There are 2 protein chains.
Amino acid sequence: METVNKSAVIVGAGLVGALWAVALARRGYTVKVFERRPDMRAKGYAGGRSINLAMSARGWNAIDMAGIREKIEPVAIPMPGRMMHAVDGTLTFQAYGKAGEAIYSVSRGGLNLELLHIASSFSQVEFFFEHRCIDVDLNQPYIHFEDLKTGEHKTIEAPLIFATDGAFSAVRHTLQRTDRFNYAQQYLDHGYKELTIPAEQGKLMDAHALHIWPRGNFMMIALPNADGSFTCTLFLPFEGPVAFEHLKDDASVNAFFQEYFPDALPFLPNLLEDFGNNPTSSLATVQCNPWQWQGRILLLGDSAHAIVPFYGQGMNAGFEDCTILDAMYDEMDGDWSAIIPAFAKRRKPDGDAIAALALRNFIEMRDLVGDPKFLLRKKIAAHLHAKYPEFIPVYTMVSFSNTPYHLALQEEDAQNQLFEEILAINDVEAQWDGPEVEAVFLKWMAQKSV
Amino acid sequence: METVNKSAVIVGAGLVGALWAVALARRGYTVKVFERRPDMRAKGYAGGRSINLAMSARGWNAIDMAGIREKIEPVAIPMPGRMMHAVDGTLTFQAYGKAGEAIYSVSRGGLNLELLHIASSFSQVEFFFEHRCIDVDLNQPYIHFEDLKTGEHKTIEAPLIFATDGAFSAVRHTLQRTDRFNYAQQYLDHGYKELTIPAEQGKLMDAHALHIWPRGNFMMIALPNADGSFTCTLFLPFEGPVAFEHLKDDASVNAFFQEYFPDALPFLPNLLEDFGNNPTSSLATVQCNPWQWQGRILLLGDSAHAIVPFYGQGMNAGFEDCTILDAMYDEMDGDWSAIIPAFAKRRKPDGDAIAALALRNFIEMRDLVGDPKFLLRKKIAAHLHAKYPEFIPVYTMVSFSNTPYHLALQEEDAQNQLFEEILAINDVEAQWDGPEVEAVFLKWMAQKSV
């Protein structure tokens, strides 16, 4: 039975919260959105994470649901593949999918701003910025905030709460105290630091690629911005032989870049300033279960499943939460007390799967993309995909389809077995598109369909 | 350099906190111990967990360190082995180790009380009961408590803090907010419920054994108490075909025991009352890293590594934390700023290992102990151990030695491979002590020592 009182509280006005406010408003809901940070429409963007994102199919679906494709598309930069930078400066381009398939570099701040504008264009959406969630009442329909401008404590009636308050979710924190709530936060040994390639230097780089400098245990990447600049991110262990701990002054930073990223140096005129000013940030995977409480509190996006950024799926996964939940609203006649537990149960394996895929892709990006065997595997996979469209490379499944992430993870395990066999074929480099490879493939496909 | 100001704060006066207070007091430390619960010396024991424990070698070491063996030994009941109860009532006894080796059933409350008495016999140990830790200052040497009797908030100077406040540690909760703190709480799908076999019925059972009713996916166990009674614990899934969710009234409880534990029924005259009155509690593994903060705050016992009870090692592991830390105090000249990080780093792999071993032992207890192949494995292991003393069964390593847990876990993996090979020998049942088994064993030993 559809919920009679069509009102909801959203905690967090980041990407997922703002999008979900739009989705609820479109269904006629009265929505109160609380956000700890100041209103970015007035004060500019002050988010904690990197300033550009890779939007792929799941993200676009949600953009369409919100009806803002025409606002986002013009400033989204297609990246049809990776451009690998070897230490000697050699460039290798590797397409992500077929012609026409691309992931898109978008500005996190710009996208968030656009979503806030759309959401606030609905009269029944009300925003409360600089409000910190203090506590959630688990037995009564109330939630408590502190108004950070006045110090005032406010109790809000909230029979329906969507927590989109990110990796360090205050709402999840409350659930964590309940019996049998599973929770894990696991940090990478690597941190990251952002650096900027200004537009003047950026215009000399290929703007339609995600640039990667794979260096084994660490890497740098760069994504294009609409103004011609690039945002670089250096991923490096905090401690160890080659690590942030040793990059404490200009000389050590310079020497490090001379040794590992010499071809990037001319593009980074503000390297030392950026390196000194920008924080070294950590990266974590957050997993929990259940994502909901008594059919009236639901965690969405990073609050339920914060992942490392290496598959470019953090925002896409959070947005897909919204499209799936929106579809379930129709399927289950708007009865939140049934939708919320059903969504939490159905979606949890996908959250775990994309977390695992993202961790694996770190290995791939920093290491394997510089490995000839790995490039050969990608080439064979693309060839097989072209010839047998029912064979879908996992990257394609994740980035260019809506296949549930847990099926993509299963497929990756299966394809890893296939390619172990294929790459063991004698002289496979010379006969990669020949009958022997195809025979192994067809046998594998036949077994799979049993 | 030894810490000059010999004073410390201990948060939690449970088993590990009380023991550690004794250890510090013996070294001349001034110790303030804060505990959320009332003083059990005045008000009786009100702990959250089961009322008897299995003490093994690591526990006894700590008892000796505290100098209270003569108080504990008389009330500790040796359990040299497991008594398995089949559904048809058949009993099978399986020794845990060699003659003379036993684990000991001790009363949690009695042990805690004894430790509190010893600790408070030192004039420089001060207890503050009904004090709840609210917050720990991570940048200043202060810790904050609420006096639950008055509601008063107190700030205590604390340059050195030992957190022995258990699985739901408030101190750890504060650390969890710091960057790069890894944390996981993982609940079992099984819950537990305690039941009592009164002394009148208990006297008809073998008091010198840990009784197990293995039933595949679930089980019941019983440990003897000093008064002749037994404490039973039923471990059963919360949900599923056979689960607590279906045991909601007397009829269903009776039918369940009739079906699965018919031989125990006559010993449980208060079954229905116990079942109705006692809670169904959950079981979790808690893991975190690092166990310390800036060389001045250290998590010990369950606050650092809460584990499931199936190896009987929770208390033993916490006590061993104390004996190891005490030894490191001498080795490192009493310099806590060096001892604390070194202990946390050294001991963490052991915490993880005993967590894994305890989860594995649940499978063993509830399932494998009823399996003839498993019993055969135990028999062969005991035989090999007798003939080749350098071969040590893992249970012996864990329960009757001080071998670091992480080495016991490695050894278990190695022995699993050995017995996979041995149990695959044709007709191994008939020639379990013959030359073929021995040949496999000797080859395995030779490879191991490479």
Side-chain angles (χ1 to χ4, degrees), chain A residues 36 48-49 132-135 165-170 172-193 235-240 243-245 279-291 293 305-308 341 344-345 348 352 355-356 359, chain B residues 36 48-49 132-135 165-170 172-193 235-240 243-245 279-291 293 305-308 341 344-345 348 352 355-356 359:
Chain A
R36 194 170 45 78
R49 288 293 280 264
R132 184 176 72 90
C133 175
I134 307 167
D135 198 14
D165 50 346
F168 301 100
S169 170
R172 188 191 63 225
H173 203 78
T174 307
L175 296 186
Q176 200 185 305
R177 296 195 302 255
T178 62
D179 193 29
R180 298 182 70 205
F181 186 78
N182 290 327
Y183 176 72
Q185 58 186 45
Q186 181 75 38
Y187 284 84
L188 277 195
D189 294 333
H190 292 65
Y192 72 91
K193 192 183 278 285
F235 297 96
L236 187 69
F238 281 102
E239 291 99 22
F244 277 117
E245 63 173 338
T280 306
S281 304
S282 56
L283 296 154
T285 300
V286 175
Q287 292 170 289
C288 65
N289 196 38
W291 291 1
W293 178 256
H305 49 77
I307 61 176
V308 294
K345 193 173 173 193
K348 165 71 177 162
D352 287 343
L359 284 166
Chain B
R36 193 171 46 78
R49 289 292 281 264
R132 184 176 71 89
C133 175
I134 307 167
D135 197 14
D165 51 344
F168 300 101
S169 170
R172 189 192 63 226
H173 203 77
T174 307
L175 296 186
Q176 201 184 304
R177 296 195 301 256
T178 62
D179 193 29
R180 300 182 66 204
F181 187 78
N182 290 327
Y183 176 72
Q185 59 185 47
Q186 181 74 39
Y187 283 85
L188 278 195
D189 294 334
H190 292 65
Y192 73 91
K193 192 183 278 286
F235 297 95
L236 188 68
F238 282 101
E239 291 98 23
F244 277 116
E245 64 173 337
T280 306
S281 304
S282 56
L283 296 155
T285 300
V286 175
Q287 292 169 290
C288 66
N289 196 37
W291 290 1
W293 178 256
H305 49 77
I307 61 177
V308 294
K345 193 173 174 193
K348 165 70 178 162
D352 287 343
L359 285 166

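As the structure is a computational prediction, the values presented were derived from the model and not from experiment. In the text below, chain A, chain B and the rest are named by the order of the sequence lines, each starting its count at 1.
- Proximity to chain A (any heavy atom under 4.5 Å) is shown, for B:F181, by both the backbone and the side chain.
- Both the backbone and the side chain of A:Q176 come within less than 4.5 Å of a heavy atom in chain B.
- Taking A:F235 as the reference, A:F310 meet the ring-ring contact (aromatic ring centres under 6.0 Å, His included) condition, with sequence neighbours excluded.
- Here NE2 of A:H173 is found 3.0 Å from NE2 of B:H173. Values are rounded to the nearest 0.5 Å.
- Contact detail for A:Y187 and B:T178: the closest heavy-atom pair is OH-O, 4.5 Å.
- Here B:Y183 pairs with nothing under the ring-ring contact (aromatic ring centres under 6.0 Å, His included) rule; sequence neighbours left out.
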